[in-house]
Structure formats: structure tokens, C-alpha cells
Amino acid sequence: MLNSTKSIGLIFAVLMFCMASTIGFGQQISSLTIAPNPVTAGEVATGTVTLSKAAGSAGLKIELTSSEVSVATVPASIIVASGSKTATFDITTVHVAMAGKTTITGKDPSAKTAKDILTVEPPVVRISELKISPTAVTSPKAATGTVTLTADAPSAGFQIDLTSSQSFATVPASLTVKPGAKTAAFTITTTAVQADETATIRAADSNGYAETASLKVTPAAIRLTKVAISASTVTAANPATGTITLSADAPTGGFVVDLSTGQTFISLPTSVTVKAGTSTAKFTVGTKPVSTAGLVTVTAKDVNGYSDAASFTVEIPAVHLSGLTIATSAVYGGASATGTVSLSAVAPKGGLVVTLSTMQPYVKLPLNVTVPSGSKSATFTVNTIAVTSPSAATIYAADINGYSASASLTVNPLVGTNISMTGVYTFSPQSVTVAAGSVVIWTNTATDGMNHTASADVSGLGPASGIVSPGQVYTWTVPANAKSGTNYFYHCNFHGFAGNGKSLGSGMCGVIIVK
């Protein structure tokens, strides 16, 4: 029986030892202190808990409370680490308008408590008021906000951060109250609204103190409400009609609305004026040729910043000019070439007219060429006149819808013996001596519009030009087997007479002698 009693006592002693080492038996909270105290609102104070003895192996939990959470807050608890007698924690202060106090209490597992009183004081300089004047504006008029401090700003000034709850009322990001001043003003810029709206402006200082004020923004009485386009789809090169609509009749002097677009394949006026006493106005949107269908957006904006946009699609015509080619890249001056215009599809009933043009005087073109109904192409003749050096020409073609194409042609000078067909009805020179196989070139240099020919006196023995108009040339190559001393007599059918083949004829006549 005695041994049993001793055993029980031993077990109890062991248990008590274990408990003491686990929960810090005998260790209690002895004090709680706060520093700094008092503290400025918005700053963090530090609380320190002290135990009577060092905490055991498991540490010691201390519960924390604040009597006035509107003044300062603390964590729910802290742990005093094993072997330590103290632990610290943060006390977060709350922005207060006047000095406030709160009791910070710490309680250990045995329910023993320790406490300290913290005084939280507001900053000496802080924002105290925000006013807006006027409190209601009609967009896009501006309002003025004024910030007031509790005391004069320090030597470095005092910064106020600004925000707006709405995008239609904007404020600068910040405002600085100058050193020694208690107030500062800023501008609230408003933009278009469609109905009465209210924005909340907030001003906050670096201490976290903030004030708010409201600004009512109403829409302008007369403003742009809509821009519309007459059709959702327009064929390229055809116009569309736009319409501007206002919220009310335009005042005396009219009401100007600006127009713009980001597309280059349309044209429109930079602005349109709605006449006084009316609420709508029309304008023309011109379209240009496009290679692919394109979406157009027209934006209208009035002087008050009210805007609207309308869109339509510009489509390619079913049939339009798609290409222009010249059969050869180069010709001698006075020669002709064949040009071809091509369409995207067969020409409609009545055909499709394509106009032709060039800037070069040594290239002669018809004014236009018609692609027949049911056909996709048509040809035309490109005539040239003599040049003294290689000359490049660009030939242009355009259809009724403004679709265009171009092609290049080089006109080269002829190399050979030159003879002029003059306006005084002579061949100049009248007689030339050349080698067999040489090229002889006749150029009509007449300035009176007279046509000429270079025709052999004996058929088959010499040149046979046909009609050579002013500016045109004719070439003939002396047979390569022609014998020296052979004479080729010729004349102009219009202004001369053939000889007997052995001597010059009369009037406008000439001879080519083989040397």
C-alpha cells in the first residue's frame, strides 16, 4: 500500500513538471506598455508585453483587445516565444478628427491582465474641407474645387491627391497647397453627358485624411445627337448622303458640327452647319475606287464635345477597269503599238467606255475606247511621232467609276538617213546617197496639217509609204542586193508627179542613189 502511494505521488510530480514546461506554469503577464504614446493618427505604435518569467518550451499566448477600435486596432493575440519574457505587436491607429484614447489589454491563459492607455492625436496639418463651385454645371463647362487644411501648409508645401468617380468629370492627379497657405484650388473639367449625371470628387492627404464633394453635370441644351448615312452599302465612286441631327433647333448664326474619318477612300467636308431654326443638316460623302470592299466610319463632333459616328461599306462595282497593257514595250518614233484595256467582268448592255490620256506630246491616243457589251477587253492604237532621243511615255486609262490603270511605252529615235516632208511641198534633201541595205526615214514636218506620201515612180522600185500625216514617219530599207549607181526615183502623190524612172519627176519629188 505504501509503495502504491509513492508511485502515485511520483506520477503526479512528473505530470506537474510536464505541464509547467508546456504551458509556462508560473509565468504570467506582468506588464503591457505602448510607445510612442501619444501617437499621431495614421502612424503605427508598438505594444510590448512582459512576463514575470521566461515562457516555457511551447511559448505563452497572450490575447489582445482594444477598447476603442475607432481609435486603434490590435491583433487578436501574440505568442511570447519559449525562453523569452517579452513580445511586441503593432497597434494600428485610425484617422481621427480629434484626440481619442483607447485601452489596450493583454490577457494570459490564467486570465491575468495587463493594460495601457494609448492616446491618438490627429495631425496638426491635414485636409479639413473640400468644396466645389458651382455644384452643378452644363457640360462642357468647368467647375472649381477648393481644398482647405486645418493649418498652414509646412515649408515644403502639402500635397493632396485627387480622384473622380466618373470619367465625364476629370481632375488633376494631385494638388499642392503652397507653404504658408491653407487653401488651394483646382479645375474640374467636364465632357459630354447625355443625361443628368453626378460625379464624386475625392481629395486625400498623405496622412490618409480625405474629404469628398459632389458635382452635378447636365447635358448641353443644343447638342449633336446623331449622325446617319443614307445607305449601309455604297458602290465605289458613288456618293452617299449624311444627316446631322441636333437635340434642338440651332441658334442664331447656326450650329457647326465637325466631320472626320480615318479612311482615305472617301471624301467629306470638314464641317457642316445646321442653319438657325432647324435641327438637321445634310452633307455629301464622296467615295473613291477601292480594290477590296472597305468599311467607312464618319465621326461628327460639336463644339461642346458631343459626338456620334456612323458606318457604311464601300463596295467594288461589278464591272470596272482592271488593267491596261501595251503590246510592245518600245517602238520607233512614228510607229504605232496596240493597247488593250481589260475589265473585271464582261461589259454591260451598251458597253463600257474607258477614257485614255497621256502627258507626252509624242504619243497620240484616241480620246476613249469602248469595251463592247459581253466582252471583257478592247484594243486601241497608240500612234507616235519622231523623237530625237529615247523617250518614255505613260498611258492612262480610267472608267466612269474612277478605276484607273496605266502602262509605259518607250519611243526610240530611228537610226538612218533622214528626209523631211516639208510644208512647202518638198523632200529635203531631194537627193540622198546611201549604201545598199540602209534605212531611209521620211518625217512629215509640215505645220499646216498637210499630208504627204513617198511613192516610187516605178511601182515596186522604191518606197511606198501610203499617207504620212504631220508628225508621222515612214521608213524604207534599200534592198541589200541593190547595185551601186541604182537610182530609186519617187514623188508625193498629192503634190508631185512621177518621172519615167530614169529622171526626177516634177513638183514634190526625190531620188535615192545607191553608192
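Excluded from the calculations below are hydrogen atoms, water molecules and symmetry mates; all remaining heavy atoms, backbone and side chain alike, are included. Just so it is clear, the model here is predicted, and its values are computed rather than measured.
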key: Pairwise side-chain contact, T243 with T245, heavy-atom cut-off 4.5 Å (strictly under)   = yes
ask   = Quick one: CG on L356 to CG on L324, what's the gap to the nearest 0.5 Å?
value = 7.5 Å
task = Please name all residues satisfying ring-ring contact (aromatic ring centres under 6.0 Å, His included) with F489, sequence neighbours left out, ordered by chain then number.
result = none
message = Are the side chains of L268 and V298 in contact, using a 4.5 Å heavy-atom criterion?
response = yes
ask   = Looking at residues at least two apart in the chain, or sitting in another chain, which of them share a side-chain hydrogen bond (donor to acceptor under 3.5 Å, both in side chains) with Q263?
value = T261
key: Nearest non-hydrogen partners of S311 and T297, listed with the distance   = OG-OG1, 3.1 Å
message = Any side-chain to backbone donor/acceptor pair from Q430 onto F427? Under 3.5 Å, distance only.
response = no
inquiry  = Taking ring pair (Phe, Tyr, Trp, His ring centres under 6.0 Å) as the cut-off, I'd like each qualifying pair that reaches into residues 300-330, sequence neighbours left out, listed once.
reply    = H320-Y403
task = Would you mind reporting whether L259 and T299 have side-chain heavy atoms less than 4.5 Å apart?
result = no
ask   = Would you find more than 12 non-hydrogen atoms of other residues, nucleotides or ligands less than 6.0 Å from K288 atom NZ?
value = yes
inquiry  = For a 4.5 angstrom cut-off between non-hydrogen side-chain atoms, does V331 reach L409?
reply    = yes
message = Holding to salt bridge (Lys or Arg N to Asp or Glu O under 4.0 Å), I want the full list of residues that pass it with D448, two or more places apart in sequence or in another chain.
response = none
request  = State, with a plain yes or no, whether a side-chain heavy atom of V363 is found less than 4.5 Å away from one of V411.
outcome  = yes
message = For the backbone of T218 and the side chain of D196, can you confirm whether one donor and one acceptor N or O come within less than 3.5 Å of each other?
response = no
task = Decide yes or no on side-chain contact (heavy atoms from CB on, under 4.5 Å) for V478 and I512, but give the supporting numbers first.
result = CA-CA 9 Å; V478 178; I512 299 167; 4.3 Å; yes
query = When rounded to the nearest 0.5 angstrom, what distance separates CG in N368 from CG in D399?
reply = 12.5 Å
inquiry  = For a quick test of reading the model, state the closest non-hydrogen atom pair linking G333 to V473 and the distance between them.
reply    = O-CG2, 2.8 Å
inquiry  = For residues 323-350, which residue pairs pass the side-chain hydrogen bond (donor to acceptor under 3.5 Å, both in side chains) check, not counting sequence neighbours?
reply    = none
request  = Start with the C-alpha distance between F255 and D302, add both sets of side-chain angles, then the distance that settles side-chain contact (heavy atoms from CB on, under 4.5 Å), and finish with yes or no.
outcome  = CA-CA 8 Å; F255 191 85; D302 69 19; 3.5 Å; yes
Atom of A300, atom of L224 and distance for their closest heavy-atom approach = O-CD2, 3.3 Å
task = Take V147 and I127 through the test side-chain contact (heavy atoms from CB on, under 4.5 Å) and record every step on the way to the result.
result = CA-CA 7 Å; V147 169; I127 187 171; 3.7 Å; yes
ask   = Would you say T190's side chain and K141's backbone share a donor-acceptor pair under 3.5 angstrom?
value = yes
query = CG of L246 to OG of S279: how many Å apart, nearest 0.5 Å?
reply = 6.5 Å
inquiry  = Using a 3.5 Å distance criterion without hydrogens, assess whether the side chain of T150 forms a donor-acceptor pair with backbone atoms of R126.
reply    = yes
key: salt bridge (Lys or Arg N to Asp or Glu O under 4.0 Å) against K364, all qualifying residues, sequence neighbours excluded   = none
request  = Write out all pairs satisfying ring pair (Phe, Tyr, Trp, His ring centres under 6.0 Å) with one or both partners inside residues 177-220, taking only residues at least two apart or from two chains.
outcome  = H95-Y209
message = Less than 4.5 Å apart, side chain to side chain, heavy atoms only: is that true for V319 and L352?
response = yes
request  = Please list all pairs passing the ring pair (Phe, Tyr, Trp, His ring centres under 6.0 Å) test where one or both residues lie in residues 362-396, with sequence neighbours left out.
outcome  = none
inquiry  = Treating S164 as the side-chain partner and Q166 as the backbone partner, does any N or O pair qualify as donor plus acceptor under 3.5 Å?
reply    = yes
Trace of the side-chain contact (heavy atoms from CB on, under 4.5 Å) decision for V217 with L215 = CA-CA 6 Å; V217 182; L215 174 65; 4.2 Å; yes
inquiry  = Quick check: closest heavy atoms across V387 and P413, and the distance to 0.1 Å?
reply    = O-CB, 3.1 Å
request  = Measure from the side-chain N and O atoms of S232 to the backbone N and O of T313, and report whether any donor-acceptor pair falls under 3.5 Å.
outcome  = no
request  = Decide yes or no for I326 and I395: does some side-chain heavy atom of the first lie under 4.5 Å from some side-chain heavy atom of the second?
outcome  = yes
task = Work out which heavy atom in P179 is nearest to a heavy atom in A156; give both atom names and the distance.
result = CG-C, 4.3 Å
ask   = What pairs of residues pass the ring pair (Phe, Tyr, Trp, His ring centres under 6.0 Å) test when at least one of them lies in residues 492-515, not counting sequence neighbours?
value = Y425-H495, H452-H495
inquiry  = Donor-acceptor pair, distance only, cut-off 3.5 Å: does the side chain of S404 make one with the backbone of A398?
reply    = no
key: Minimum heavy-atom distance between P123 and A41, given as atom pair plus value   = CG-O, 4.2 Å
Reported CD1-to-CG distance for the pair I400 and L321, which is rounded to 0.5 angstrom = 13.0 Å
task = Look at the side chain of N304 and the backbone N and O of P140, then say whether any donor-acceptor pair between them is shorter than 3.5 Å.
result = no
key: Distance in Å, N481 CG paired with T486 OG1, rounded so as to fall on 0.5 Å steps   = 9.0 Å
query = Would you call L367 and T355 a side-chain contact if the rule is heavy atoms closer than 4.5 Å?
reply = no
ask   = Looking only at atom types and distance, does a side-chain atom of T433 sit under 3.5 Å from a main-chain N or O of K515, one as donor and one as acceptor?
value = no
request  = Indicate yes or no for a side-chain donor-acceptor contact from D308 to the backbone of V227 under 3.5 Å, with no hydrogens or angles considered.
outcome  = yes
Atom pair CD1/OG of I513 and S431 - distance to nearest 0.5 Å = 3.5 Å
Partner residues of F265 under the ring-ring contact (aromatic ring centres under 6.0 Å, His included) criterion, sequence neighbours left out = none
Just list the side-chain donor-acceptor pairs under 3.5 Å for residues 435-443, sequence neighbours left out, or say none.
unit_1: S438; atom_1: OG; unit_2: A435; atom_2: N; d: 3.4
unit_1: S438; atom_1: OG; unit_2: A435; atom_2: O; d: 2.8
unit_1: W442; atom_1: NE1; unit_2: Y490; atom_2: OH; d: 3.2

task = Apply side-chain hydrogen bond (donor to acceptor under 3.5 Å, both in side chains) to N493 and list each qualifying residue two or more places apart in sequence or on a separate chain.
result = S455, H491
